[in-house]
*Asks:* 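This is the structure, below, for whatever I ask next.
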Amino acid sequence: MVSTQEVSATINGTTRTAEVEPRTLLVHYLRDALGLTGTHIGCDTSQCGACVVLLNGKTVKSCTVFAVQAEGAEITTIEGLAAMAPQDGGLHPLQEGFWEQHGLQCGFCTPGMIISAYEILQRHPDPSEEEIREGLEGNLCRCTGYHNIVKAVQHAASQSAG
Amino acid sequence: MAVSRLFGASVRRREDPRLITGQATYCDDIQLANMAYAVIVRSPHAHARITSIDTSAAAAHPGVIAVYTGSDLEGRVASIPCAWLIPDSDLVVPDHPPLAIDRVRYVGDGVAAIIAEDRGAAADAADLVEVEYEELPAIVDQEKATAEGAPQLHDDVPANTAFRWRMGEWDDEAFENAEVTVSHRFHNQRLIPNSMEARGAVAQWDAGAEEMTIWLTSQNPHIHRVLMSGVLGIPEHKLRIVAPEIGGGFGSKIHHYPDEAIVGFAAKELNRPVKWSETRSENYLATIHGRDHIQDVDIAATKDGMITGLRAKVWANLGAYLSTAAPGVPTILHGLMYSGAYKIPNISADVLGVLTNTTPVDAYRGAGRPEATFLVERIVDLLAAELEMDPAAIRRKNFIGADEFPYTVATGITYDSGDYDTALDMALEMVDYDGFRQEQAAAREQGRYLGIGLTSYSEICGLGPSEVAGAVGFQGGLWESATVRVHPTAKVSAFTGGNPHGQGEETTFAQIVADEFGIPIEDVEVVYGDTSKIAMGWGTYGSRTTAVGGTAIALAARKVTEKARRIAAHLLEADPDDVEFMDGKFFVRGAPESAQTFGDVALQAYLAWNLPDDIEPALEENSFYDPSNFTYPFGTHIAVVEVDGDTGQVELQRYIAVDDCGNVINPMIVDGQVHGGVVQGIAQALYEQAVYDPETGQLLTGSLMDYAVPKAGMVPSIETDRTTTPSPVNAIGVKGVGETGTIAAGSAVINAVVDALAPFGVRHIDMPATPEKVWRLIAEGSQSNGSEGESESTGVWRSLLNRLR
């Protein structure tokens with residue numbers, strides 16, 4: 001059988017270890033080896049952004065990173081986002097924003113969309129519509145037409161500021 | 001029912017908490033013990049004879065459990081059926097084996113299936129299947145495919161013509177004698193649906209119970225069950241289809257595909273769970289495409305702009321095989337809508353359904369109606385230009401009047417209700433139409449090219465009366481089921497045969513039920529997507545779920561209320577006719593202080609200690625609601641563009657959507673449906689096109705790198721408003737709003753682009769209005785009619801590909 005390698009990383013604050021093939025992508029490590037299926041796969045050419053996670057605080061498309069490259073890293077997925085800024089009800093302001101402003105329909109792009117928006121708010125605490133649309137250029141949504149996603153990110157920004 | 005607390009309120013969606021926290025379970029998230037993985041080996045050729053398949057190396061690959069070819073499945077998995085057998089045509093349905101046996105007919109046609117211990121091993125082994133092909137000439141253009149000497153796909157489909165469907169009387173004389181006629185050819189290009197989740201299936205065979213469960217990316221699990229029961233030879237009561245969380249569909253998950261059947265076959269054969277997850281690149285080849293019409297359109301009118309006739313000859317490209325609903329899309333869902341929002345006395349259609357060496361084409365969001373609305377709204381604009389009439393004025397002149405409904409149009413269907421003038425007025429006011437015309441004139445003086453485009457549409461949805469479904473050859477009913485089960489503690493489970501996958505009925509149906517019973521929405525659960533839980537259902541497509549399924553939910557709830565009223569009357573020692581139900585309480589009229597709550601009655605219904613003699617215990621009712629008519633949403637959309645005369649770049653500055661979808665249960669969700677639909681329509685107008693190499697039949701736009709699904713920065717925010725004209729068809733007065741955006745936006749944007757280019761003498765531009773195409777038109781000016789002959793963009797793609805080689 002093919003060789004495997006042990007990969008350990010801190011995922012959502014917990015150290016996790018799994019044996020994977022060297023060719024395993026980070027997204028498959030998260031989904032298949034660790035069962036964190038909140039991170040989605042929407043394409044095979046790194047266009048859609050459904051698999052965006054935070055790797056050492058920066059957004060990456062987890063389909064463009066080998067699992068072995070994440071050895072020792074700190075990773076935040078949608079399952080762990082709420083812990084980073086818990087609100088009443090245990091949601092992150094971005095999750096609240098997407099819920100409140102109907103920023104999702106089928107929900108498939110949403111985890112990646114929210115993580116990318118997290119980085120937008122790191123860079124622009126009070127982003128303009130243009131900054132949001134530009135910041136989300138690596139994330140595709142087929143349901144919302146982006147209209148309410150823009151409002152969701154703005155809503156989160158206003159909540160965070162408040 | 002009177003206006004109430006929740007019906008009409010922008011309630012936050014109940015499906016969202018699991019979706020925003022990563023707790024939802026989509027098909028590929030399902031993990032079962034001892035699960036194997038499937039990969040389909042697909043044809044790299046558009047048209048070829050299979051001379052041999054050698055699977056020995058693949059079978060010997062570590063981790064491979066089984067390899068199947070088309071001949072392995074012969075007699076064991078039936079051919080993939082077509083389920084819309086349209087009348088008034090000479091429809092031929094060619095055989096569609098689940099895996100090709102001796103011939104492949106499009107790039108992506110399945111030729112073998114690998115089942116392995118893990119995804120990687122299955123993918124590796126797929127590369128080891130050696131197939132020898134003898135290439136055959138391919139044909140991708142539907143008009144050329146009907147010509148003599150064209151490559152033939154199926155021996156039993158002469159001229160590659162699966163059907164010729166004619167509607168109305170093709171009356172040359174009426175057009176020859178008309179005061180004015182305008183004719184044009186439109187290409188409604190091929191699109192790729194691109195739900196963000198591709199398709200997938202997980203099948204599990206229970207050998208002890210002889211039962212199969214298939215988790216499937218399905219918009220309609222019961223339709224899949226009946227079709228797959230036949231294909232797999234598993235009795236319907238032993239086959240359970242579960243639609244888990246579905247990551248969008250837009251029509252592409254209605255249909256029954258070969259790969260789904262193969263997964264079911266393998267799971268039973270191997271007695272192990274098998275998962276198949278489509279990749280995006282595979283999705284581009286193996287999941288249906290949409291649109292792809294060539295339309296020759298004629299309109300006739302009087303000199304003062306009264307439309308007297310409209311007709312079209314259409315070549316509809318259906319791909320290599322007839323997909324589940326394919327014949328109905330360019331015919332029933334298309335030709336019947338040629339009257340649009342107008343009174344047109346003479347309408348006819350002549351539609352050829354043509355098979356080509358391309359991915360099968362079927363229902364994609366709008367399904368036939370965007371192609372009809374574009375045709376009508378473009379030719380009306382061309383007529384207005386010919387008569388030098390204002391586009392708003394010619395529409396108003398021909399509208400069906402608000403006082404004329406129900407109105408039967410020349411195609412024979414009866415529009416339920418409408419008020420087209422009011423929607424047009426509202427949209428014109430929102431855009432400041434007169435002000436814009438002044439701004440446009442001033443801008444032209446400065447060499448800037450602004451344009452405005454209108455679409456006033458009427459569309460058919462809320463599918464639909466089952467009797468009509470039968471009459472038009474749909475191999476199913478179109479009623480919907482609902483079960484409303486009140487539990488002893490007065491919590492409610494509402495079961496629907498609709499299958500929402502982003503449209504939010506988990507929330508809106510709970511709003512309906514909570515209102516009917518006067519209970520908190522938190523006490524209502526909406527259940528769907530599992531044939532073992534839902535008696536029967538026809539699924540979610542054709543903007544039908546709320547109009548048909550929502551009405552069924554309301555009717556079932558009202559039956560529950562009537563039973564509860566009789567129990568309450570018994571407990572109150574009163575006549576049921578004297579018992580009122582308000583805010584969750586039953587009381588004798590005039591004596592609200594002595595009431596039985598909904599919860600009291602629910603408990604008593606289950607305890608059954610003291611029920612009226614003629615009342616059975618429990619509190620649960622069904623509705624199997626079959627609507628008496630379709631519903632007809634309408635509205636006016638307006639696009640404002642500026643075209644850069646030097647580069648041909650179109651900037652969409654504003655998009656205004658005024659829609660009337662009848663009563664609105666949740667305005668936030670309705671607006672969201674409009675936003676998303678409009679952006680898919682804008683995408684057709686400006687960005688997207690599936691392009692095949694005309695000689696090799698290779699899909700040149702084969703991934704998200706090559707096919708322009710719009711990003712956030714490519715579209716504006718959408719300005720929405722609405723009028724409310726309730727539908728008289730159903731008990732809750734709703735129509736449907738899932739597809740209005742794709743139906744209206746294409747022609748609104750293109751009408752705006754053409755308006756902007758009017759100073760250059762441009763009459764038309766085919767979609768998508770890419771900078772290259774616009775720039776060429778500006779350069780050619782009035783020499784061009786804007787319609788692609790041998791597609792220019794195809795030529796550009798070819799030269800690009802050659803350079804890359």
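A, B, ... follow the sequence lines: proteins, then strands. Residue 1 opens every chain.
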*Asks:* Is A/Phe108 close to chain B through its backbone or its side chain, or both, or neither, when contacts mean heavy atoms under 4.5 Å?
*Replies:*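 Backbone plus side chain of A/Phe108, per the 4.5 Å heavy-atom cut-off to chain B.
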*Asks:* Out of curiosity, B/Ile20 CD1 to A/Met113 CE, how far, rounded to the nearest 0.5 Å?
*Replies:*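 Reported to 0.5 Å precision, the distance equals 14.5 Å.
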*Asks:* At a heavy-atom distance under 4.5 Å, which candidate from A/Gly38, A/Gly145, A/Cys106 has the highest pair count against chain B?
*Replies:*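 Looking at each option in turn, the highest pair count goes to A/Cys106.
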*Asks:* Is B/Thr21 close to A/Ile78 at the side-chain level, that is, under 4.5 Å between some pair of heavy atoms?
*Replies:*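 Side-chain contact under 4.5 Å: no.
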*Asks:* Check whether A/Glu129 gets within reach of chain B through its side chain, its backbone, both or neither, counting any heavy atom under 4.5 Å.
*Replies:*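 Only the side chain of A/Glu129 comes within 4.5 Å of chain B.
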*Asks:* Take atom CG in A/Asn56; do more than 12 heavy atoms of anything else shown fall under 6.0 Å from it?
*Replies:*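 Above 12, so yes.
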*Asks:* Near A/Glu74 CD, under 6.0 Å, is it more than 12 heavy atoms from other residues, nucleotides or ligands?
*Replies:*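 For A/Glu74, atom CD is not crowded (no more than 12 foreign heavy atoms under 6.0 Å).
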*Asks:* Sort out for me which of B/Asp671, B/Ile682, B/Ile718, B/Asn283 touches chain A most, counting heavy-atom pairs under 4.5 Å.
*Replies:*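 Going by pairs under 4.5 Å, I would pick B/Ile718.
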*Asks:* Could you please state which residues from residues 4-11 of chain A sit under 4.5 angstrom from chain B, measuring non-hydrogen atom to non-hydrogen atom, sorted by number, or 'none'?
*Replies:*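 When heavy atoms of chain B are the reference, residues 4-11 of chain A contributes no residue within the under-4.5 Å range.
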*Asks:* For A/Glu130, does the CD atom have more than 12 heavy-atom neighbours from other residues, nucleotides or ligands under 6.0 Å away?
*Replies:*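 No, because the 6.0 Å sphere around CD of A/Glu130 holds 12 heavy atoms or fewer from other groups.
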*Asks:* Under a 4.5 Å heavy-atom cutoff, which of A/Thr45, A/Ile149, A/Leu136 has the most pairs with chain B?
*Replies:*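 Ranked by contacts with chain B, first place is A/Thr45.
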*Asks:* Of the listed residues (B/Ser195, B/Pro716, B/Gly677), which shares the most heavy-atom pairs with chain A below a 4.5 Å separation?
*Replies:*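 Heavy-atom pairs under 4.5 Å are most numerous for B/Pro716.
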*Asks:* Is B/Asn666 close to chain A through its backbone or its side chain, or both, or neither, when contacts mean heavy atoms under 4.5 Å?
*Replies:*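 Interface part for B/Asn666: neither.
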*Asks:* Which answer fits A/Ile114, side chain, backbone, both or neither, if we ask what part of it has an atom under 4.5 Å from a heavy atom of chain B?
*Replies:*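 Contact with chain B is through the side chain of A/Ile114 alone.
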*Asks:* How about A/Cys48 and B/Met196: do any of their side-chain heavy atoms sit closer than 4.5 Å?
*Replies:*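 Heavy-atom side-chain distance check passes, below 4.5 Å.
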*Asks:* Less than 4.5 Å apart, side chain to side chain, heavy atoms only: is that true for B/Lys711 and A/Asn139?
*Replies:*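 No, every pair of side-chain atoms sits at 4.5 Å or beyond.
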*Asks:* Rounded to the nearest 0.5 Å, how far apart are CD1 of A/Ile41 and OH of B/Tyr26?
*Replies:*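 Between A/Ile41 CD1 and B/Tyr26 OH, I get 13.5 Å after rounding to 0.5 Å.
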*Asks:* For A/Thr144, is it the side chain, the backbone, both or neither that has a heavy atom under 4.5 Å from a heavy atom of chain B?
*Replies:*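 Just the backbone, heavy atoms under 4.5 Å.
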*Asks:* Does a side-chain heavy-atom distance below 4.5 Å link B/Asp16 with A/Phe98?
*Replies:*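 No, too far: nothing below the 4.5 Å cut-off.
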*Asks:* Hey, which of A/Lys151, A/Gln101, A/Glu79, A/Gln95 has the most heavy atom pairs under 4.5 Å with chain B?
*Replies:*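 Heavy-atom pair counts peak at A/Gln95.
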*Asks:* What option among B/Ala712, B/Gly22, B/Gly713 has the most heavy-atom pairs under 4.5 Å with chain A?
*Replies:*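 It is B/Ala712.
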*Asks:* Main chain of B/Arg13, side chain of A/Trp99: is a donor-acceptor contact present, judged purely on distance under 3.5 Å?
*Replies:*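 Between the backbone of B/Arg13 and the side chain of A/Trp99 there is a qualifying donor-acceptor contact (under 3.5 Å).
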*Asks:* Below 4.5 Å, heavy atoms only, C-beta onward: do B/Gln680 and A/Arg142 meet side chain to side chain?
*Replies:*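 The answer is yes, as the side chains (C-beta and beyond) meet within the 4.5 Å cut-off.
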*Asks:* Answer yes or no: is there a side-chain heavy-atom contact under 4.5 Å between A/Cys43 and B/Met705?
*Replies:*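 No, every pair of side-chain atoms sits at 4.5 Å or beyond.
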*Asks:* Does any N or O in the side chain of B/Arg280 come within less than 3.5 Å of the main-chain N or O of A/Gly42, such that one atom is a donor and the other an acceptor?
*Replies:*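 It does hold such a pair.
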*Asks:* Against chain A, work out which of B/Pro500, B/Ser281, B/Ser703 has the most heavy-atom pairs shorter than 4.5 Å and name it.
*Replies:*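 Option with the greatest count: B/Ser281.
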*Asks:* Highest number of heavy-atom pairs under 4.5 Å with chain B: which of A/Glu137, A/Arg31, A/His28?
*Replies:*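 When all of A/Glu137, A/Arg31, A/His28 are compared, A/Arg31 has the most.
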*Asks:* By a 4.5 Å heavy-atom criterion (distance strictly below it), what part of B/Pro193 contacts chain A: side chain, backbone, both, or neither?
*Replies:*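 Contact with chain A is through the backbone of B/Pro193 alone.
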*Asks:* Please classify the contact of A/Glu134 with chain B as side chain, backbone, both or neither, using a heavy-atom distance under 4.5 Å.
*Replies:*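 For A/Glu134, there is no contact with chain B at all, as no heavy atom is under 4.5 Å.
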*Asks:* Top residue by heavy-atom pair count (under 4.5 Å) with chain A, among B/Gly741, B/Gly247, B/Ser717?
*Replies:*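 Top count of heavy-atom pairs under 4.5 Å with chain A: B/Ser717.
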*Asks:* Please answer whether the main-chain N or O of B/Thr279 pairs with a side-chain N or O of A/Asp44 as donor and acceptor at a distance below 3.5 Å.
*Replies:*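 No; judged by distance alone, with no hydrogens or angles, the pair does not exist.
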*Asks:* So which of A/Ile132, A/Asp32, A/Leu36, A/Leu94 has the biggest tally of heavy-atom pairs under 4.5 Å with chain B?
*Replies:*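 Option with the top pair count is A/Asp32.
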*Asks:* Is it true that a side-chain atom of A/Gln105 and a backbone atom of B/Gln503 form a donor plus acceptor pair closer than 3.5 Å?
*Replies:*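 No, because the side chain of A/Gln105 does not come within donor-acceptor range (under 3.5 Å) of the backbone of B/Gln503.
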*Asks:* Looking at B/Thr25, B/Asp29, B/Asp28, which one forms a side-chain contact (heavy atoms from CB on, under 4.5 Å) with A/Thr37?
*Replies:*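 Exactly one pass, corresponding to B/Asp29.
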*Asks:* Is there a donor-acceptor pair closer than 3.5 Å between any side-chain N or O of A/Tyr146 and the backbone N or O of B/Met714?
*Replies:*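 Side chain of A/Tyr146 to backbone of B/Met714: no pair is present.
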*Asks:* Using heavy-atom distances under 4.5 Å, tell me whether B/Ile669 contacts chain A through its side chain, its backbone, both, or neither.
*Replies:*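 Contact with chain A involves both backbone and side-chain atoms of B/Ile669.
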*Asks:* Looking at chain A, which one of B/Ala198, B/Pro710, B/Gly248 has the largest number of heavy-atom pairs inside 4.5 Å, strictly under?
*Replies:*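 Highest number of heavy-atom pairs under 4.5 Å: B/Pro710.
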*Asks:* Between B/Glu278 and chain A, which part of the residue has a heavy atom less than 4.5 Å away: side chain, backbone, both or neither?
*Replies:*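 Neither part.
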*Asks:* Checking B/Ile246 against chain A: side chain, backbone, both or neither under 4.5 Å from a heavy atom?
*Replies:*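 Contact with chain A: backbone only.
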*Asks:* Measuring from atom CG of B/Asn194 to atom CD of A/Gln47, what distance do you get when rounded to the nearest 0.5 angstrom?
*Replies:*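 Answer for the CG-CD pair, B/Asn194 versus A/Gln47, is 11.0 Å.
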*Asks:* Under 4.5 Å from any heavy atom of chain A, what part of B/Arg119 do you find: side chain, backbone, both or neither?
*Replies:*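 B/Arg119 touches chain A through side-chain heavy atoms alone.
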*Asks:* In terms of the angle between their ring planes, are A/His147 and B/His675 parallel, tilted or perpendicular, with boundaries placed at 30° and 60°?
*Replies:*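 Answer is parallel, since the angle falls under 30°.
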*Asks:* Do A/Glu100 and B/Arg12 have side chains that get closer than 4.5 Å, going by heavy atoms?
*Replies:*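 Yes, close enough: below the 4.5 Å cut-off.
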